[in-house]
Every structure is written in structure tokens, then in C-alpha cells.
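Below: the structure, in C-alpha cells.
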Protein chains: 2
Amino acid sequence: MGSKEKLIEAMASLLWERGYAATSPREVMAAAGVGQGSMYHHFSGKHDLAVQAMRLSIDTAMARNATLTADGDPLDRLKANLLAPRPGTKGCRVGRMTQDPEVLADPELLGLVGEAFEQMHRLWADTIREAIDAGQLPPQLDPEDLASTLQAVLQGGYVLSRAQGEQAPMDAAMRGAVALLDAAADCRDPAPKAPRNHTAALGPGLDRGEHIDKKESA
Amino acid sequence: MGSKEKLIEAMASLLWERGYAATSPREVMAAAGVGQGSMYHHFSGKHDLAVQAMRLSIDTAMARNATLTADGDPLDRLKANLLAPRPGTKGCRVGRMTQDPEVLADPELLGLVGEAFEQMHRLWADTIREAIDAGQLPPQLDPEDLASTLQAVLQGGYVLSRAQGEQAPMDAAMRGAVALLDAAADCRDPAPKAPRNHTAALGPGLDRGEHIDKKESA
DNA sequence: GTCTATACATAGATAGAC
DNA sequence: GTCTATCTATGTATAGAC
């Protein structure tokens, strides 16, 4: 493996572990076992190296979720993916980037992250649609919304685990999500018993596509 | 407002906006409009100031969720809290800290964050328990697990929004979560139609309390 | 291609005057 | 209590030899 590949892998690893802003070129070169010259020969700088490392990280992460599009029972695929082992306290190598101020300020890096999330969202939404079409989930669930929800449970699970320094919170979050899916699946032909109006107390409510960021800013 | 308070507020604001590692004492002093001497007179250093600022941020964040423990319909309170306006692209001032390498390495700061999450978890779990006891949610849902799930949806929603630079993904995630709760609520006395066994395909499955971090490390 | 030496800015903190 | 001046370490990048 040449210096270039070693540098990319070292950067990918450090990006996951420490983020972009907190990772110095020096650390990367040390981890890769190469000198300064090599790095600035193969890359124009830290940014350039990070871009290539992020592509690698994203490919790795996406490969782990290929099971969503496999054959077989769609609802099972959703649940299996939610319950698949994930290193909670290490965090998500892609999601982590969204909290890094230097990444947010770097259109190229942020763009990569955004695209990766979009791609993942499509994977989830497609599988959810399959499950609904197969009658495994109630049709009133919106595949796009639910895809965001499940993606959020995953990303949030990492956050909870890191906050506690333990795997447990992430696992609990995943079990809870699967239990909700199961509960929803159990009533895929709901026979509404009586007009329930406690939702009305919420006010006009939010329609799909309507944003709720109108007022809050601070 | 004295220099001390000005510094704490400025730090709290910058912690939210840029994180801990990326916020320099100089920036804080500039934002507060005071000189170096003031800061090192009132605080032993960046760490000390950040601890006091985090306490302020956590108090602010917790106050926003007091509605969970209000009177009235528990399920409505859960849903109202999920749908409450939140500044997705700004992120969560507490959850953000879990991605900061310097925070992770600082037991005092990390401890504050962990405690805040625990407290929030109790709020959610208690309200969920109320909803189950009131027959609004099916009893097979575990309040502790579901509390983690909903907390994760919130935290993850912020991540999705930041990844896209848009409010929409967070709103979608929240709508999806509410829709799942509604679907689960609709069948709180499920009349199982036929033995469904597609869950069995997942293998032995995970029992409550059993962790899934056995193998994965990289 | 890879190395060492060097440059320049910024981080976090201290010294000491007012 | 608050200020300015200063200190040391580190971050990122460049220069130029091998």
C-alpha cells in the first residue's frame, strides 16, 4: 500500500475518531507513518485529503446498509437493519461530521455528507414502501417521513450512546423503534373503535411538507 | 449584567454554535466585549467557563421540555413535544457536545451532558408510562426503550437537518414518529389475526437489556 | 516521491500595569 | 476588576535537499 492510500485510510480513521477540525495533518502523517513531504505531494492540503477520506468512509458506511435492498421480507429487512450491531459509543463516521464547524463551512465536505444521507434516505424509503405495498405496514404511514424517522433513530442512538459512554442507550432506542413498527404492523387493517379526538387538542397540526421552524430562532 | 455573566452567556452561545474545541477564549471575550484579564479573573480558564456555560445551556434546554410533565392527556403531551418547533439546522445545544473530542475527554463536561440526557430520558419514560397506563398506547411497549427511541428521533432529527442545511428532514422525522405512535395507539387492543412469523426470520432476536455490541468494533 | 527545516498564524494562558 | 503585552505550544503550509 503506497503512501497515498495509507494517508487516506489514516485520515478516514481519524475523521471518525476525532472529527475534521480536531485532526491535524501532523497526526495523520504520524498515523500513516509518512513524512510531511509525502502528504503535500499527493494532496493539496488537509481539505483535499479529507475529501478523499470521506469518500472512502461513505462507501464503507453505505456498504453496511446494502442488506436493506436484499431479497426477502421487507419488514424483516427494516427490523434486521435497525437491530444490526452498531458501535454506539464510536458514533457514526458520516453523521459525526455534521457537528464539526469546519465541515459545515466547507461546501465540498458538507455536500458529500448531505448526499450520503440522501442516498440512505432513499434506501429506507424504498424498503418501507415495499413493506406497505406488501401489506406489512399500514398505508397511512408516509414512507418518506418514516424513512427520516428511522434514519433519525439511528443517528440519535449514536448521540445517546456517546452521551453516556455506553452501548445500552442505542440498543434501547433500536428495540423501541422495532417495537413501534411491530405495534403498527399488528394493526395494518385498523378497525377504529370510536372517534378519538385527543389529537385535536394539538391544534391545527402539521401537514406533510409544512415546516415548523417559523418562529424559533434562538 | 457584569463581565462574569456576559462571559457565561457568550460562551453558552458559542458552545452551541461552534462547539467546545473550536471556541477560543479570544472569541468568547470578543463576543462578551471584555478583555483577557476579566476572563482569567472570574474563571480559571476555558474549561471552567465552559462548565458554567453548559449548566446554563442545560437549564435552558430542560425548561423547554417542562410541557412533558404538564397536566392533561399523556399521549397528546408526547406528540405535542415531538412536534414542537425546533431549530433543526442549529442543532441541539446539549447533544452537539457529544461529538466534540475535547468534551469527550473532559469528565466534568461529559458528566453534565450525560446527566442531562438521563434526566430527559426519565421525563419521556414517565410520560410514556402514563400513556400506557391510561390505555392510550399498547402495554407491550417498554417505556424505557420507547423513551430512548423518541429521544433518539429528536437528536437524530437535528443531525439530518444539519446534514442537509434544511429544516425539512427534522420535521419529517417528527411527523413519522408521531404517525408511528398513532398507528400503535390505534391498535392498543390488538386482535391478532393470524400467527405471524416473519419476525422469526430475524433469528434469536434481542431481549430487553441484552446488548448487541458483542462483535463490532471497527 | 519522500524527507527535514522552516515560516507564519492562532490557541490557551500568564505577567504586571492601572 | 479590567486592561495590554507577552509567552509557549501547536496548527497548517512551504522550501528545498536527497
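The chains referred to below are lettered A, B, ... by the order of the sequence lines, with proteins before strands, and numbering in each begins at 1.
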ask   = Starting at the 5' end of DNA chain C and moving along, which residue's nearest nucleotide shows up first, E27(B) or V34(A)?
value =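 It is V34(A), whose closest nucleotide lies nearer the 5' terminus.
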
task = Report the C-alpha separation of E102(B) and K46(B) in whole Å, then their side-chain angles, then the decisive distance to 0.1 Å, and conclude whether the side-chain contact (heavy atoms from CB on, under 4.5 Å) test is met.
result = CA-CA 12 Å; E102(B) 291 188 22; K46(B) 179 184 174 182; 3.9 Å; yes

For the pair made of [atom1] in [X] and [atom2] in [N], what is the distance, rounded to whole Å?
X: L49(A); N: dA13(D); atom1: CG; atom2: C1'; result: 14 Å
X: M29(A); N: dT12(D); atom1: CE; atom2: P; result: 10 Å
X: E102(A); N: dG11(D); atom1: CD; atom2: P; result: 12 Å
X: Q36(A); N: dG16(D); atom1: CD; atom2: P; result: 16 Å
X: H47(A); N: dA13(D); atom1: NE2; atom2: C1'; result: 15 Å
X: Y40(A); N: dA15(D); atom1: OH; atom2: P; result: 12 Å
X: M1(B); N: dG1(D); atom1: CE; atom2: P; result: 17 Å
X: M39(B); N: dG12(C); atom1: CE; atom2: P; result: 9 Å

request  = Applying side-chain contact (heavy atoms from CB on, under 4.5 Å), run through Q155(A) and Q155(B) and close with a yes or a no.
outcome  = CA-CA 7 Å; Q155(A) 290 298 322; Q155(B) 290 298 321; over 6 Å; no

With a 4.5 Å heavy-atom cut-off, do [X] and [Y] have their side chains touching?
X: L181(B); Y: L82(B); value: yes
X: R93(B); Y: L15(B); value: no
X: F43(A); Y: K4(A); value: yes

Candidate nucleotides dG12(C), dT12(D), dT2(D), ranked by approach to the side chain of P25(B) - the nearest =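 Nearest listed nucleotide: dG12(C).
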
request  = Output the single nucleotide from dT12(D), dG1(C), dT2(D) whose closest atom is nearest the side chain of K46(A).
outcome  =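 Of all the options, the side chain of K46(A) is nearest to dT12(D).
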
message = Looking at dT10(C), I'd like to know if its phosphate oxygens (OP1 or OP2) sit under 4.0 Å from a side-chain N or O belonging to S24(B).
response =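 For dT10(C), OP1/OP2 do not have a side-chain N/O of S24(B) under 4.0 Å.
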
query = Below 4.0 angstrom from OP1 or OP2 of dC3(C), is there any side-chain N or O of H41(A)?
reply =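 So the side chain of H41(A) is outside the cut-off, no N or O lying under 4.0 Å from OP1 or OP2 of dC3(C).
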
task = Mind checking T23(B) for me? I need base, sugar-phosphate or nothing, with any heavy atom below 4.0 Å counting as a touch.
result =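 Sugar-phosphate: the residue T23(B), judged by heavy atoms under 4.0 Å, touches backbone atoms but no base.
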
message = Please determine whether any donor N or O and acceptor N or O are separated by less than 3.5 Å between the side chain of R26(A) and the base of dT12(D).
response =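 Between dT12(D) and R26(A), which were checked side chain against base, a qualifying N/O pair under 3.5 Å is present.
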
